[in-house]
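Right, one structure below, let's go through it.
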Amino acid sequence: MTQDQAKCSTCKDRNTEQCNPEKCSEPPVLPLNEASDIKRVVAVMSGKGGVGKSSVSALLAVALARRGHQVGILDADITGPSIPKLFGVIDRPEQFNNFILPARTITGIRMMSLNLLLPQEDDPVIWRGPILSSAVKQFWTDVAWGELDYLIVDMPPGTGDVPLTVMQSLPLNGLLVVSSPQDLSMMVVKKAIKMARMINVPILGLVENMSYLPCPYCGEKIHLFGSSHVGEAAQKNNLPLLAVLPVDPELAELGDAGLIENYNGTSMQGMESLVKVLEKTLGGKIIKEREGA
Ligand SMILES: Nc1ncnc2c1ncn2[C@@H]1O[C@H](COP(=O)(O)OP(=O)(O)OP(=O)(O)O)[C@@H](O)[C@H]1O
């Protein structure tokens, strides 16, 4: 995808006589609504599905909240939303004036997900790309987020319509890219990195998830997927590898039980260092004007 193709893909004038990519500017970043004061927005992305992006988003929110930050999670994975399940949240968001109030987890993390609005949590969402994208925009424009130090955006996997909308329409301070160690996963991660760079979204760094399994008897690291390619990819793309998380059955069990906020295992240490990097990199800043926007 070239920069122009990225820019044009959501334009109403595409393929019409009015189309003139040279004169066009990128779609505008959506302003904050009057019921939200969000200081930092961090999106979590992965090249492919199932690498643990939602788990990393959830753990990051938990780690930030434990440091005393006001945190929200916007579940932009509209067709495969797993954030409410990880936190055991089933409350339907309420309406207040013209806004939707986000649901709250046990520890007070604010959350908005399409799953909270569906009649049944297992109802499928069979929508085309533009409708998915407008749902994500509404989670920004129509939700009364209140005062937040960090909003974490859990993106759908890949480089489709919704990640493009998030990158173009939300004022992202930065992007975290999650990958598992396999080379196949890295190939798609490189696409995600290229896409973010085309749209001028700063990439904060990479997170390697399910990197190894610590042997329960001797603690030796078992590399289930062979040796990792993530460190090498980080180096080649001039990006820091911010956290390396093991396979941890406790994390999967707590996530399945909706109790991810109770997690205190090894991956939490990785998240704590990641939080310190975020505080150092983004701390004190307010939402950034996108370069060239
Ligand atoms: N470090 C880990 N250790 C053990 N299990 C994990 C780990 N990370 C994720 N999992 C498990 O792997 C599964 C997929 O994780 P998750 O839903 O976070 O992935 P995802 O990349 O967000 O998936 P999707 O592509 O569907 O959005 C879940 O069952 C989760 O509990």
Side-chain angles (χ1 to χ4, degrees), residues 42-63 73-89 105 109 111-115 118 121-125 127 132 135-136 139 152-163 165-166 175-182 184-189 191-192 206-216 219 221-225 228 230 241-274:
V42 175
V44 182
M45 182 180 195
S46 68
K48 73 194 251 319
V51 297
K53 166 190 50 60
S54 301
S55 304
V56 169
S57 303
L59 283 181
L60 176 59
V62 172
I73 308 187
L74 188 162
D75 189 357
D77 195 351
I78 303 285
T79 53
S82 34
I83 292 295
K85 167 95 181 138
L86 290 170
F87 286 89
V89 171
T105 71
I109 295 169
M111 169 193 301
M112 181 50 65
S113 170
L114 191 72
N115 241 31
L118 296 175
E121 68 163 13
D122 54 4
D123 285 348
V125 176
W127 293 349
L132 298 174
V136 170
F139 286 173
I152 307 300
V153 183
D154 183 28
M155 303 247 254
T159 51
D161 272 0
V162 173
T165 298
V166 171
L175 194 68
L176 292 169
V177 184
V178 180
S179 177
S180 54
Q182 302 97 315
L184 175 64
S185 184
M186 282 323 302
M187 188 265 289
V188 278
V189 156
K191 287 183 195 281
L206 303 188
V207 174
E208 180 178 338
N209 189 32
M210 302 196 242
S211 173
Y212 59 89
L213 175 72
C215 169
K221 292 179 180 175
I222 303 164
H223 293 278
L224 292 170
F225 306 113
S228 172
V230 182
L241 178 55
L242 296 173
V244 176
L245 312 179
V247 175
D248 185 350
E250 190 198 348
L251 175 61
E253 274 165 32
L254 285 173
D256 281 349
L259 295 170
I260 199 153
E261 286 163 295
N262 293 357
Y263 181 72
N264 272 311
T266 332
S267 295
M268 218 33 165
Q269 290 154 20
M271 294 325 279
E272 281 159 11
S273 9
L274 175 52

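Numbering of ligands and ligand atoms starts at 1, following listing order.
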Quick one: nearest non-hydrogen protein atom to [atom], plus distance?
{"atom": "atom 20 (P) of ligand 1", "value": "K53 N, 3.4 Å"}
{"atom": "atom 12 (O) of ligand 1", "value": "M210 CE, 4.1 Å"}
{"atom": "atom 9 (C) of ligand 1", "value": "S55 OG, 3.5 Å"}
{"atom": "atom 29 (O) of ligand 1", "value": "D256 OD1, 4.5 Å"}

Please assess F87 against V62 for the test side chain to side chain contact (heavy atoms under 4.5 Å, CB included), listing each intermediate value before the final yes or no.
CA-CA 10 Å; F87 286 89; V62 172; 3.8 Å; yes
Does the N or O separation between [X] and ligand 1 drop below 3.5 Å for any pair?
{"X": "G52", "answer": "yes"}
{"X": "P246", "answer": "yes"}
{"X": "V51", "answer": "yes"}

Gap separating the [atom1] atom of [X] from the [atom2] atom of [Y], nearest 0.5 angstrom:
{"X": "L242", "Y": "L206", "atom1": "CG", "atom2": "CG", "result": "7.5 Å"}
{"X": "Q269", "Y": "N264", "atom1": "CD", "atom2": "CG", "result": "10.0 Å"}
{"X": "L59", "Y": "S54", "atom1": "CG", "atom2": "OG", "result": "11.0 Å"}
{"X": "L213", "Y": "I222", "atom1": "CG", "atom2": "CD1", "result": "5.0 Å"}

Measuring from the heavy atoms of L251, does anything fall under 4.0 Å of ligand 1?
yes
Partners of D75 by salt bridge (charged side-chain N to carboxylate O under 4.0 Å, His left out), sequence neighbours excluded?
none
Hey, which atoms in ligand 1 end up nearer than 4.0 Å to a heavy atom of [X]?
{"X": "D77", "value": "27 (O)"}
{"X": "N209", "value": "1 (N), 2 (C), 7 (C), 8 (N), 9 (C)"}
{"X": "D248", "value": "2 (C), 3 (N), 4 (C)"}
{"X": "A252", "value": "5 (N), 31 (O)"}

As a quick check of understanding, evaluate side chain to side chain contact (heavy atoms under 4.5 Å, CB included) for L176 and L274, giving each step before the final call.
CA-CA 10 Å; L176 292 169; L274 175 52; 4.1 Å; yes
Could you tell me whether atom 4 (C) of ligand 1 has at least one protein heavy atom nearer than 4.0 Å?
yes
Let's go through L224 and M210 carefully: what are the C-alpha distance in whole Å and the side-chain angles of both, what is the deciding distance for side chain to side chain contact (heavy atoms under 4.5 Å, CB included) to 0.1 Å, and is it a yes or a no?
CA-CA 9 Å; L224 292 170; M210 302 196 242; over 6 Å; no
Proximity winner for atom 17 (O) of ligand 1, if only heavy atoms of S82, P81, A58 are counted:
S82
Out of S180, S46, G50, whose heavy atom sits nearest atom 14 (C) of ligand 1?
G50
For N262, check side chain to side chain contact (heavy atoms under 4.5 Å, CB included) against everything at least two apart and list the hits.
L254, L259
List the steps and the verdict of side chain to side chain contact (heavy atoms under 4.5 Å, CB included) for L175 and M155.
CA-CA 10 Å; L175 194 68; M155 303 247 254; 3.8 Å; yes
